[in-house]
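To find a chain, count down the sequence lines: A is the first, B the second, and so on, and within it residues start at 1. What you see is a predicted model, and the numbers here were worked out from it, not measured in a lab.
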Amino acid sequence: MSIISQIKPLAVKALKDLYNYDIAGPDLTINTTKPEFEGDYTLVMFSFVKQLKKSPEQLGNEIGEHLTKSNPEIFTAFNVIKGFLNLTVADNYWINFLQSNFSSKDFGSKPGNGETVMVEYSSPNTNKPLHLGHLRNIFLGWSIARILKESGYKTVKSCIVNDRGIHICKSMIAWQLFANGASPRSTGIKGDHFVGEYYVKFNDEYKKQVEELVIRGMKKEEAEKEAPIMKGTQQMLLDWEAGKPEVIGLWEKMNGWVYEGFDITYKRIGADFHKMYYESNTYLLGKQFVEEGLKQGVFFRKDDGSVWIDLTADGLDEKLVLRKDGTSVYITQDLGLADQKYEEFKYNQSIYVIADEQNYHMKVLKLILQKLNKPYAEGIDHLSYGMVELPSGRMKSREGTVVDADDMVAEMVNVAKHKTEELGKVKDFTEAELKELYDTIALGALKFFLLRVDPKKRMIFNPEESIDFHGFTGPFVQYTHARIRSILRKAEGTRDKAQGTGGLLKLERDLIILLEQYPTIIEQACTEHNPSVIAIYVFNLAKMFNTFYTEHSVMNAESEEKKQFRLQLSEMTANVIASGMGLLGIKVPERM
RNA sequence: UGGCUUAUAGUUCAAUGGAUGAGAACACUUCACUACGAAUGAAGAAAUGAAAGUUCGAAUCUUUCUAAGCCAACCA
């Protein structure tokens with residue numbers, strides 16, 4: 001149990017004992033004490049000062065007196081400044097805490113709670129390779145699933161692949177027109193990139209054809225509809241829906257290429273899924289909802305036969321759920337898929353990692369499910385994140401300004417390689433060990449960079465400035481870990497001796513206090529669905545350790561007891577760093 | 001026109017309504033390797049978009065304004 005959740009009931013009890021005053025735990029504010037004041041944790045008293053009709057100083061003294069007297073094993077001192085009661089926690093409390101947790105590899109993880117959470121992420125189109133924006137999505141999705149697992153949930157990672165539709169047909173038709181039967185194998189190009197090239201070729205050709213038609217006197221809008229390549233694409237979509245064998249064959253072949261490419265990338269960056277859904281299988285789902293909704297009076301039919309839901313009472317608009325020709329729209333499929341997922345996994349919570357441009361859509365989805373009284377509606381949750389933009393604005397594939405995911409990773413690996421060679425600390429590594437190390441550092445830098453920011457904020461990535469390895473970065477944290485491991489290797493075997501006691505130095509104390517907060521940090525990241533909380537914490541921990549490390553020697557400590565104590569402190573720090581980074585999907589090296 | 005989101009040092013990010021110093025990092029100016037690993041540490045300078053309100057107390061809540069982004073498709 002965290003120290004704060006131990007202090008709270010004690011404070012509640014103190015108020016009851018002293019003044020017969022009832023206050024609920026959540027109404028009490030307990031913070032870490034600001035560094036400029038004496039103490040570890042602070043009880044803010046303003047909230048009940050008025051009701052008790054005493055001065056803050058008097059209250060603080062009385063409560064402080066009561067707390068230290070009745071709990072001498074926890075509190076050793078207090079002071080009052082204005083409305084703040086600063087409490088000092090006993091050295092022995094911290095030392096005991098350290099001794100019972102320092103070697104634990106799963107400090108902060110909770111036992112299973114029996115609930116299942118689905119996390120849907122990545123969700124690519126199969127007409128082009130993954131880019132930097134997908135990476136943010138993938139890292140976020142993977143990490144939040146990992147954090148939920150640590151918090152006791154059973155997690156199911158899923159992915160809905162947008163493998164059909166007009167945009168897929170575009171690259172298909174361009175391949176028919178221009179490829180002369182070329183394939184990823186014949187050209188040596190990775191499958192997703194190969195297909196992406198034809199998507200670009202489509203757009204080039206389309207633009208050309210439209211321009212020609214305009215020159216021949218056609219209006220632009222009309223030309224956009226009449227361009228032969230576009231008409232061909234639309235025909236292809238109809239053929240696909242009709243199940244025409246040649247079209248299906250081509251579609252399967254090209255999608256297969258893309259999947260091969262995606263698999264390589266996913267594997268490289270450590271993404272994985274329990275369940276893949278394909279839009280080609282789900283795009284007809286959801287129609288049963290229409291009947292159901294009409295029967296319940298949640299939906300209504302217009303004269304032309306189309307079916308709608310009126311959400312104006314909820315501050316939204318009327319939303320179409322079925323076209324007049326009886327075909328379903330995007331939201332209908334999503335209703336169907338939500339239901340299918342529930343049938344399959346009986347989730348308590350279903351998190352969709354999707355960019356913030358779909359905030360409205362996701363709101364509508366949840367609202368409709370609620371109105372249909374679906375048992376899983378409440379569990380629908382949108383983990384909305386801001387787009388990754390370039391200094392010039394949004395990435396646009398048609399303008400060639402997209403930062404490709406594979407390129408990005410390769411570039412980071414290069415930087416890691418150069419930096420490592422420059423420092424020359426791992427010259428004895430084998431080729432394979434070096435390769436692994438470069439990947440660890442490169443992906444550590446990249447993942448940390450994308451995860452350290454609050455998801456809902458959009459972020460700007462400047463390709464000119466490569467991702468830094470100093471300061472608030474993955475490699476900084478990894479380096480700290482490697483350095484600690486280096487100390488621990490030197491002290492191998494000497495751990496189980498007498499434990500250090502005696503007065504804690506300020507930096508030792510600060511470090512333990514920070515370590516003690518780790519489980520609370522995981523809880524926060526879990527409830528807020530926000531991995532950046534972990535990234536910030538783990539960075540602060542590394543920084544704190546580095547400060548401690550330069551100030552106090554571990555191996556040459558003042559006494560053998562101190563040495564053992566600091567070894568424990570170091571070990572726990574390394575464990576928590578490794579654990580926290582693991583929640584972000586980042587590995588930490590023994591040496592770097 | 002409506003809805004949602006964002007606005008904090010030169011830049012990129014923090015801060016459950018709490019402390020007359022709003023924290024970091026990068027960049028900038030200094031200093032520290034005969035040291036358990038300098039991919040480090042220490043010191044310095046630098047910010048709450050504007051205005052009102054709510055209260056013991058506001059970067060945080062409310063209102064208005066300004067700027068940016070997204071959405072409001074029988075597109076996905």
_Please determine whether a side-chain nitrogen or oxygen atom of A/R483 lies at a distance below 4.0 Å from atom OP1 or OP2 of B/A38._
yes
Would you list the protein and nucleotides 55-59 of chain B atom pairs, both N or O, that sit under 3.5 Å from each other?
unit_1	atom_1	unit_2	atom_2	d
B/C56	OP1	A/K50	NZ	2.3

*Nearest atoms (heavy-atom pairs only) where A/L450 meets A/V388*: CD2-CG2, 4.5 Å
*Tell me, for nucleotides 23-31 of chain B in 5' to 3' order, what letter each nucleotide earns: B for a base near a protein heavy atom under 4.0 Å, S for only sugar-phosphate near one, - for neither?*
-SSS-----
*Contact class for A/M459 (heavy atom, under 4.0 Å): base, sugar-phosphate, or nothing?*
sugar-phosphate
*Report the nucleotide, chosen from B/G41, B/C75, B/C36, that has the shortest atom-to-atom distance to any side-chain atom of A/R323.*
B/C75
*How far does CG of A/L434 sit from NZ of A/K417, to the nearest 0.5 angstrom?*
9.0 Å
_Presence of A/T547 side-chain N/O under 4.0 Å of B/A42 phosphate oxygens OP1/OP2_ = yes
*Among B/A76, B/A38, B/C74, the one nearest A/R164 by side-chain distance*: B/A76
Between protein and nucleotides 19-22 of chain B, what N or O pairs are separated by less than 3.5 Å?
unit_1	atom_1	unit_2	atom_2	d
B/A19	N6	A/T42	OG1	2.8
B/A19	N6	A/N86	OD1	3.0
B/A19	N1	A/N86	OD1	3.2
B/A19	N1	A/N86	ND2	3.4
B/U20	OP1	A/K82	NZ	2.8
B/G21	N1	A/E36	OE1	3.4
B/G21	N2	A/E36	OE1	2.8
B/G21	N2	A/E36	OE2	3.4

*Using centres under 5.5 Å plus planes under 30 degrees as the test, is A/Y479 stacked with B/U40?*
no
*Kindly express the pairing pattern of RNA chain B in dot-bracket notation, using | wherever a base pairs with another strand and counting only Watson-Crick or G-U pairs under 3.5 Å.*
(((((((..((((....[....)))).(((((.......)))))....(((((..]....))))))))))))....
*Syn or anti for B/C33, please, going by whether the chi angle lies within 90° of 0.*
syn
*asked:* So that I can tick it off, tell me whether A/K302 and A/E318 are bridged by a salt bridge, with the cut-off set at under 4.0 angstrom between side-chain N and carboxylate O.
replied: yes
*asked:* Counting only side-chain nitrogens and oxygens, does A/S486 get under 4.0 Å of the OP1 or OP2 atom of B/G37?
replied: yes
*Which pairs count as side-chain hydrogen bond (donor to acceptor under 3.5 Å, both in side chains) when at least one residue sits in residues 307-316 of chain A, sequence neighbours excluded?*
A/S306-A/W308, A/D310-A/T312, A/D314-A/K371
*Check: A/I3 main-chain N/O paired with A/E516 side-chain donor or acceptor under 3.5 Å*: yes
_Salt-bridge criterion met for A/R591 and A/D428 (N-O under 4.0 Å)_ = yes
*Under 4.0 Å between any heavy atoms, over every strand shown, what does A/H382 touch: base, sugar-phosphate, or nothing? Just pick one.*
nothing
*NA contact type, A/A355, heavy-atom cut-off 4.0 Å: base, sugar-phosphate, or nothing?*
nothing
*Assign A/D304 to base, sugar-phosphate, or nothing according to its heavy-atom contacts below 4.0 angstrom with the strands shown.*
base
_A/E357 side chain, from C-beta outward: closest of B/C71, B/G37, B/A76_ = B/C71
*Quick one: which of B/A72, B/C74, B/G41 gets closest to the side chain of A/T550?*
B/G41
*Assign A/D317 to base, sugar-phosphate, or nothing according to its heavy-atom contacts below 4.0 angstrom with the strands shown.*
sugar-phosphate
_Near-ring test A/F472/A/F448, centroid separation under 6.0 angstrom_ = yes
*Salt-bridge test for A/E590 and A/R489: reply yes if a basic N is under 4.0 Å from a carboxylate O, no otherwise.*
yes
*Do A/D325 and A/R323 sit within salt-bridge range, that is, some charged N less than 4.0 Å from a carboxylate O?*
no
*Could you tell me whether A/Q358 contacts a base, only the sugar-phosphate backbone, or nothing, with contacts defined as non-hydrogen atoms closer than 4.0 Å?*
base
_Partner of A/I536 under side-chain contact (heavy atoms from CB on, under 4.5 Å), chosen from A/V538, A/N540, A/V533_ = A/N540
*What nucleic acid atoms does A/T420 come within less than 4.0 Å of, heavy atoms only: base, sugar-phosphate, or nothing?*
base
*Tell me what A/I441 touches on the nucleic acid: a base, only sugar-phosphate, or nothing, going by heavy atoms under 4.0 Å.*
base
Filtered N/O pairs between nucleotides 4-8 of chain B and protein, under 3.5 Å:
unit_1	atom_1	unit_2	atom_2	d
B/A7	OP1	A/K457	NZ	3.1

